[in-house]
Number of protein chains: 2
Amino acid sequence: MNLMEAASGYLQIGELSRRSGVSTELLRAWERRYGLLRPARSEGGFRLYSPQDERRVTVMRNHLERGLSAAQAARLTLEEAERRPDEAPALARGIESLRDALDALDETAAHTALDRLLSDFSVETVLGEVVLPYLHELGERWARGEASVADEHFASNLLRGRLLGLARGWDGGSGPRALLACAPGEQHDLALIVFGLVLRELGWRITFLGPDTPLDTLDDATRTLEPAAVVIAASSPERIAGDEVSLRKLARNAPLWIAGAGASSVVGKKTGARQLDGDPLGAAALVARAQRE
Amino acid sequence: MNLMEAASGYLQIGELSRRSGVSTELLRAWERRYGLLRPARSEGGFRLYSPQDERRVTVMRNHLERGLSAAQAARLTLEEAERRPDEAPALARGIESLRDALDALDETAAHTALDRLLSDFSVETVLGEVVLPYLHELGERWARGEASVADEHFASNLLRGRLLGLARGWDGGSGPRALLACAPGEQHDLALIVFGLVLRELGWRITFLGPDTPLDTLDDATRTLEPAAVVIAASSPERIAGDEVSLRKLARNAPLWIAGAGASSVVGKKTGARQLDGDPLGAAALVARAQRE
DNA sequence: AAATGTCTGTTCAACTTCTGTACAATGAAC
DNA sequence: GTTCATTGTACAGAAGTTGAACAGACATTT
């Protein structure tokens, strides 16, 4: 790295190319064709890329990897860069007021914050950018002993109410049906509700049996409804670990998925169940893709 | 995948084909034959599919799998897409479907839209972000001659019914009492009902005397109920302009507020009445604050 | 001065998509 | 049985898109 780069944090095209894995020719082409980058220039005319430019290249590559055409990827990258100063703070503010309200056990303020968010952003955005991050954070604070049981209950109940409100009518329509339930003893249903909402957006009909569902109840429902997917949420292995036989029976009647930290112990050939990890958004996409095949 | 990004990411036909499992030829055929998709075009003429298009393909496939013919499936898909225009923030979507329903004099659809809104949002949000803006817009269209008397009556009556439904039990509880009435000759009570609902949310008990209330009736009620506030709605000055004496008498027995465009001519020291201007939400907050002092 | 890196502008080849037409399989209508 | 519309698929030739390459001039470093 030369002096200019070291001092200012600016990169020449070669170094940016090495870091990003995009050839120098292509970096110039993206600049010329889509205006993706606006590097400053040295006295001699060399391009000097800022850290923001570097991030744009990363974002551009991510979009390309998802299958967008170069032109679309560039447009989207620029749009996001444009929008970031506007939308991101609004979302951040929303998250903050929601957290403050929930921490203060202030129901009215929490609803107001959610009203605000849902009026400004789509349901998917609110779920993915606010609700899930908040639940994650709450879980971590609870694990560290920073959040009380009361906090956790209050927030869960309030959010559950709102999410179930959004879920109204989610079993209507004509798409494939998914049967959702929490494993026996499992009380945490929020992430599963979010998962159902996202799957609903993908055109599915959702039947939700709620927390603490006995496996034979689930089996009955499976025979009746003949769903295209059955999803069981289990936050720890012991919820279902002893019940491989029931699971195997379930998996014979419908594609069976186990979600949550308790999944890994029972998935596989023994039970015929498949694992759903990661966030509810990605999980929903995965289930939908599997159904199409 | 970040759903917010996906919201504006346009796909070319090849990528949509890979994701949906429908061949490119067939995608084009569905567009040509049934108008199933309406992709935008790039400068060079390439089809650019929106996430809504992607969802339509999913729905179309669902219908086909259930044995419908392609033509029927497409027709159904288009109908459903018409009914469920997603992606927009929930509140904006709600406003639009309410307006569409009221403009079409479609009572069922209007109630459905309101149900949806009230299940997704708090009463105050629905009032402030939907009902009041709609009434305002309707008033303007009426002034420009774009809305007929029938439109205005239909919308008013339907909304009045819903609002009074929300108002059920609003005189119960233990908070301060407000006495609400429209001035003599005044028929427009909707904004006053909204005002009452918001005040109710703030913990007040509401007594509502309705449109066209004689001032001496109001005076009787004031002596009986001893309210913490009396609010008179008057959309034009002549409703009350000649009655300063009655107003003065009223104001001696309870804090008196005059709301609406007719207020300014009579407020002040002469009558002891105070003005309430602006929107009902702000007005309610103002009355509540005044009472606390 | 030599070596290396970067500049602009142009060209190219691989790939994708476009439009339009054609065709085979299916099943309903006559 | 024949006719006909429906529907998924196939192909040809033109055009759009995009990553890569090259040439000749200039910049920077050693």
Q.
Output the rounded distance in Å from CG (Leu27(B)) to C1' (dT19(C)).
A. 16 Å
Q.
Assess whether a salt bridge exists between Asp219(A) and Arg252(A), defined as any Lys/Arg side-chain N lying under 4.0 Å from an Asp/Glu carboxylate O.
A. no
Pairs under 3.5 Å (N/O, protein and nucleotides 14-24 of chain D):
{"from": "dT17(D)", "atom 1": "OP1", "to": "Gly44(B)", "atom 2": "N", "distance (Å)": "3.4"}
{"from": "dT18(D)", "atom 1": "OP1", "to": "Ala70(A)", "atom 2": "N", "distance (Å)": "3.0"}
{"from": "dT18(D)", "atom 1": "OP1", "to": "Ala71(A)", "atom 2": "N", "distance (Å)": "3.0"}
{"from": "dT18(D)", "atom 1": "OP2", "to": "Tyr34(A)", "atom 2": "OH", "distance (Å)": "2.9"}
{"from": "dG19(D)", "atom 1": "OP2", "to": "Trp30(A)", "atom 2": "NE1", "distance (Å)": "3.2"}
{"from": "dG19(D)", "atom 1": "N7", "to": "Arg33(A)", "atom 2": "NH1", "distance (Å)": "3.0"}
{"from": "dG19(D)", "atom 1": "N7", "to": "Arg33(A)", "atom 2": "NH2", "distance (Å)": "3.3"}
{"from": "dG19(D)", "atom 1": "O6", "to": "Arg33(A)", "atom 2": "NH2", "distance (Å)": "3.2"}
{"from": "dA20(D)", "atom 1": "OP2", "to": "Ser23(A)", "atom 2": "OG", "distance (Å)": "3.4"}

(Q) Under 4.0 Å between a side-chain nitrogen and a carboxylate oxygen: does that hold for Glu15(B) and Arg66(A)? (A) no
Q: Would you check if there is a donor-acceptor pair between the side chains of Asp53(B) and Ser50(B) at a distance under 3.5 Å?
A: yes
Q) With Ile95(A), which residues qualify under side chain to side chain contact (heavy atoms under 4.5 Å, CB included), at least two apart? A) Arg99(A), Val130(A)
Q | Check: Thr271(A)/Glu244(A) side-chain N/O donor and acceptor closer than 3.5 Å | A | no
**Q.** N-O pairing of Glu31(B) and Arg28(B) below 4.0 Å
**A.** no
(Q) With no hydrogens and no angle check, just 3.5 Å: does a side-chain donor-acceptor pair link Arg75(A) and Gln72(A)? (A) yes
Q: Mind calculating the distance between CD1 (Ile13(A)) and C1' (dC7(C)) to the nearest angstrom?
A: 9 Å
Q. Roughly how many Å is it from OH in Tyr10(A) to P in dT6(C), rounded to a whole number?
A. 18 Å
(Q) Could you tell me how far apart Leu36(B) (CG) and dG8(D) (P) are, to the nearest whole angstrom? (A) 11 Å
**Q.** Pairing of Lys249(A) and Asp216(A) as salt bridge, 4.0 angstrom limit
**A.** no
**Q.** OP1 or OP2 of dC7(C) under 4.0 Å from side-chain N/O of Arg47(A)
**A.** yes
Q. For Arg41(B) and dT19(C), is the shortest distance between a side-chain N/O and OP1 or OP2 below 4.0 Å?
A. yes
(Q) Using five base pairs at each end to define the local axes, how bent is the helix from dA1(C)-dT30(D) to dC30(C)-dG1(D), to the nearest 10°? (A) 20°
